[in-house]
Amino acid sequence: MIDLHSSRIIVAGGSLSGQSAVTELIDRGFAGEIVWITGEAGGVYSKPALSKEFMQGRVSLESILLPAIDPCGANLKIIDGSRGLSLDAQARHLQLDDGRYFDFDGLLICTGASARMPDFALNIDNVLPLRTLEHALAIQQAVRTKPRVLILGGGLIGCEMAASLRGLDLDVTVVEMQSSLLERPFGGAFGDYFEQLQRRNGVTVLTGQSLARLQTANGKVTGAELADSRLLPADLVLVGAGSIPETAWLAGSGLALENGVVCDDTLCSSVPGIFAAGDVASWLNPLYGVRMRVEHWTNASAQGRAAATNLLAALCGDAPGIKSFGDIPYFWSDQFGLKIQMVGWHPGHDRVVVDQPEGAPGPVITYFRGDRLVAAAGVNASRAVMTFRRQIEAEARRTVLEPADA
């Protein structure tokens with residue numbers, strides 16, 4: 001146990017989980033120093049809006065910024081534009097990329113994840129990912145010339161970008177390696193529906209296809225060659241190849257790392273006094289009995305608060321105050337005026353039930369493992385999905401599933 005009045009907690013990362021953690025520390029009256037290393041200048045913003053309302057030009061930059069934190073008398077030091085360079089977990093020592101370093105008593109790692117960019121997509125003009133505000137602004141600039149757009153990846157970002165750019169009347173083609181769109185987030189159950197939705201709205205969809213190489217001229221992309229030798233012209237290529245947790249700076253730190261910062265069910269890392277939250281945390285979800293890394297807005301907010309609460313309890317020596325963090329994953333996607341929602345964790349399911357409500361624009365799908373409902377999704381079906389969410393959580397809190405192979 002330490003004297004909290006003379007202690008220092010570092011929050012590394014300007015993500016939503018980082019902001020939530022800082023807010024929780026202040027709300028709980030932490031009396032020591034809070035050092036918030038944001039990594040990005042300009043404040044915390046709504047990342048879900050980047051591929052949706054912001055890309056479509058329906059909202060301004062100012063409107064997607066989250067409210068600035070009111071220190072409320074707390075000893076809060078905000079460091080913008082700098083990132084963690086290295087960490088010595090045992091010595092409690094963190095160095096920044098600008099040469100400064102800080103010792104700490106407690107650390108919250110909220111550095112999120114970065115866009116995965118294949119080697120073939122690097123250092124080519126007009127080949128861009130979408131993960132940050134900087135990426136979104138670059139894409140907005142690029143689409144002003146009305147380019148032919150090729151989107152590599154038919155996941156959430158790829159499909160949302162296709163919908164947004166079709167709203168700007170652009171020529172859009174989506175290339176997906178899997179046999180259906182949105183294979184990973186929906187387990188293939190919505191594949192045909194999403195493909196037809198994209199096609200009806202003018203998007204060219206190519207599934208089961210891989211890229212052989214990008215074509216360039218004078219350092220700029222001009223098109224792409226698929227593995228079957230088909231040539232696709234393109235003036236702008238957007239890469240939706242997933243993400244990589246921001247853990248490179250933690251190499252050699254002494255923390256266990258595997259697809260993120262390895263945490264227990266309380267969000268504590270392998271080193272006491274160091275917790276993680278948000279996209280970077282690979283934690284044992286007690287409601288499912290499996291380790292997961294969830295890249296959803298609601299999860300980042302809840303985990304940031306929970307990790308901060310547990311860190312304070314750990315520093316105080318309050319073992320009963322350190323609680324498990326159990327969460328039912330939830331996300332939504334906006335495409336062509338439709339709201340698609342998903343709750344639960346479908347990996348390991350062995351049965352799917354598809355219901356098409358009369359007059360509804362799309363199906364409601366439920367996922368089961370044995371007799372237990374583990375996930376549900378629907379199109380413009382918020383009431384049904386939220387009802388399923390309550391059922392999923394109630395069943396999960398009664399009985400933890402045995403780990404699945406899937």
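These numbers come from the heavy atoms of this one structure, side chains and all, not from hydrogens, waters or symmetry mates.
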Q: Would you find a donor on one side and an acceptor on the other, under 3.5 Å apart, between the side chain of D265 and the backbone of S324?
A: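 No; zero donor-acceptor contacts below 3.5 Å.
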
Q: Identify, with sequence neighbours excluded, every residue that meets salt bridge (charged side-chain N to carboxylate O under 4.0 Å, His left out) alongside R390.
A: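 R390 satisfies salt bridge (charged side-chain N to carboxylate O under 4.0 Å, His left out) with no residue once adjacent residues are dropped.
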
Q: Tell me, please, which residues at least two apart from R58 pass salt bridge (charged side-chain N to carboxylate O under 4.0 Å, His left out).
A: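 Partners of R58 under the salt bridge (charged side-chain N to carboxylate O under 4.0 Å, His left out) test: none.
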
Q: Under 3.5 Å, is there a donor-acceptor pair between the T387 and R383 side chains?
A: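 Their side chains do not contain a donor-acceptor pair, so the 3.5 Å distance test is not met.
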
Q: Got a second to check how far L50's CG is from E160's CD, nearest 0.5 Å?
A: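 Atom-to-atom, L50:CG and E160:CD are 10.5 Å apart.
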
Q: Which residues satisfy the salt bridge (charged side-chain N to carboxylate O under 4.0 Å, His left out) test with E393, sequence neighbours excluded?
A: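 With neighbours one apart ignored, the set is R397.
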
Q: Would you give the length of the straight line joining atom CG of L312 to atom CG of N310, rounded to the nearest 0.5 angstrom?
A: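 That separation rounds to 9.0 Å.
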
Q: I need the L76 CG to I26 CD1 distance, nearest 0.5 Å.
A: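 Answer for the CG-CD1 pair, L76 versus I26, is 5.0 Å.
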
Q: Looking at residues at least two apart in the chain, or sitting in another chain, which of them share a side-chain hydrogen bond (donor to acceptor under 3.5 Å, both in side chains) with D334?
A: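 With neighbours one apart ignored, the set is empty.
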
Q: Would you check if the side chain of R199 reaches a backbone N or O of T204 as a donor-acceptor pair within less than 3.5 Å?
A: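 Not a single qualifying donor-acceptor pair exists.
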
Q: Could you tell me whether R92 sits above the aromatic face of F104, with NZ or CZ closer than 6.0 angstrom to the six-membered ring centre and within 45 degrees of the axis?
A: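 No, R92 and F104 do not form such a contact.
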
Q: Would you say F120 has more than 12 foreign heavy atoms packed within less than 6.0 Å of its CZ?
A: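 For F120, atom CZ is crowded (more than 12 foreign heavy atoms under 6.0 Å).
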
Q: Would you please indicate if the ring centroids of H296 and Y330 are separated by under 6.0 Å?
A: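 No; Y330 has its ring centre 6.0 Å or more from that of H296.
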
Q: Take I9 and V35 through the side chain to side chain contact (heavy atoms under 4.5 Å, CB included) test and state the conclusion after the steps.
A: CA-CA 6 Å; I9 290 178; V35 178; over 6 Å; no

Q: Answer yes or no: is there a donor N or O on one side and an acceptor on the other, between the side chain of W283 and the main chain of F325, under 3.5 Å?
A: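 Confirmed, W283 side chain pairs with F325 backbone.
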
Q: Run the side-chain hydrogen bond (donor to acceptor under 3.5 Å, both in side chains) check on S382 and Q341 step by step: do they pass?
A: CA-CA 7 Å; S382 294; Q341 295 169 286; 2.8 Å; yes

Q: S301 side chain to T298 main-chain N or O, any donor-acceptor pair under 3.5 Å?
A: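 Between the backbone of T298 and the side chain of S301 there is no qualifying donor-acceptor contact (under 3.5 Å).
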
Q: Ignoring hydrogens, what is the shortest heavy-atom contact between S333 and K52? Give both atom names and the distance.
A: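 Here S333 and K52 meet closest at CA-CE, 4.1 Å.
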
Q: Indicate yes or no: at least one non-hydrogen side-chain atom of M177 is less than 4.5 angstrom from one of Q209.
A: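 A side-chain contact is absent here, since even the closest heavy-atom pair is not under 4.5 Å.
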
Q: Would you mind listing every side chain to side chain donor-acceptor pair (under 3.5 Å) that reaches into residues 168-182, with sequence neighbours excluded?
A: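 Every side chain to side chain donor-acceptor pair (under 3.5 Å) pair that includes a residue of residues 168-182, provided the two are not neighbours, is S180-E183.
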
Q: Does the S63 side chain pair with the main chain of V59, one donor and one acceptor, at a distance under 3.5 Å?
A: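 Flag not set: sc S63 to bb V59 has no pair under 3.5 Å.
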
Q: Check whether more than 12 heavy atoms from other residues, nucleotides or ligands sit under 6.0 Å from atom NZ of K146, and answer yes or no.
A: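 Yes, the 6.0 Å shell around NZ holds more than 12 heavy atoms from other groups.
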
Q: D98: which residues meet the salt bridge (charged side-chain N to carboxylate O under 4.0 Å, His left out) condition with it, sequence neighbours left out?
A: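 Residues passing salt bridge (charged side-chain N to carboxylate O under 4.0 Å, His left out) with D98: R100.
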
Q: Please check if the side chain of Y45 supplies one atom and the backbone of L133 the other of a donor-acceptor pair under 3.5 Å.
A: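 Pair found, side chain donor or acceptor close to backbone of L133.
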
Q: Between H349 and H346, how do the two ring planes meet: parallel, tilted or perpendicular, split at 30° and 60°?
A: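 Answer is perpendicular, since the angle exceeds 60°.
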
Q: Crowded around E134 CD? As in, over 12 foreign heavy atoms under 6.0 Å?
A: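 Atom CD in E134 is not packed in, count stays at 12 or less.
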
Q: Is the backbone N or O of C110 less than 3.5 Å from a side-chain atom of S15, with the two atoms forming a donor-acceptor pair by type?
A: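 Confirmed, S15 side chain pairs with C110 backbone.
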
Q: Please report whether the ring centroid of F331 lies less than 6.0 Å from that of W297.
A: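 No, the ring centres sit 6.0 Å or more apart.
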
Q: Counting only N and O atoms by type, is there a donor-acceptor contact under 3.5 Å from the side chain of R116 to the main-chain atoms of G242?
A: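 Not confirmed, R116 side chain does not pair with G242 backbone.
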
Q: Quick one: closest heavy-atom pair of T38 and G81, and the distance?
A: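 Smallest heavy-atom distance, with atoms named: OG1-N, 3.9 Å.
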
Q: Is the distance between the ring centroids of F186 and F194 under 6.0 Å?
A: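 Here the rings of F186 and F194 have centres that are less than 6.0 Å from each other.
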
Q: Is there a donor-acceptor pair under 3.5 Å between the side chain of R8 and the backbone N or O of D103?
A: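 Yes, R8 side chain to D103 backbone: donor-acceptor pair under 3.5 Å.
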
Q: With no hydrogens and no angle check, is any side-chain donor or acceptor of S253 less than 3.5 Å from a backbone partner on L250?
A: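 Here the side-chain-to-backbone pair exists.
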
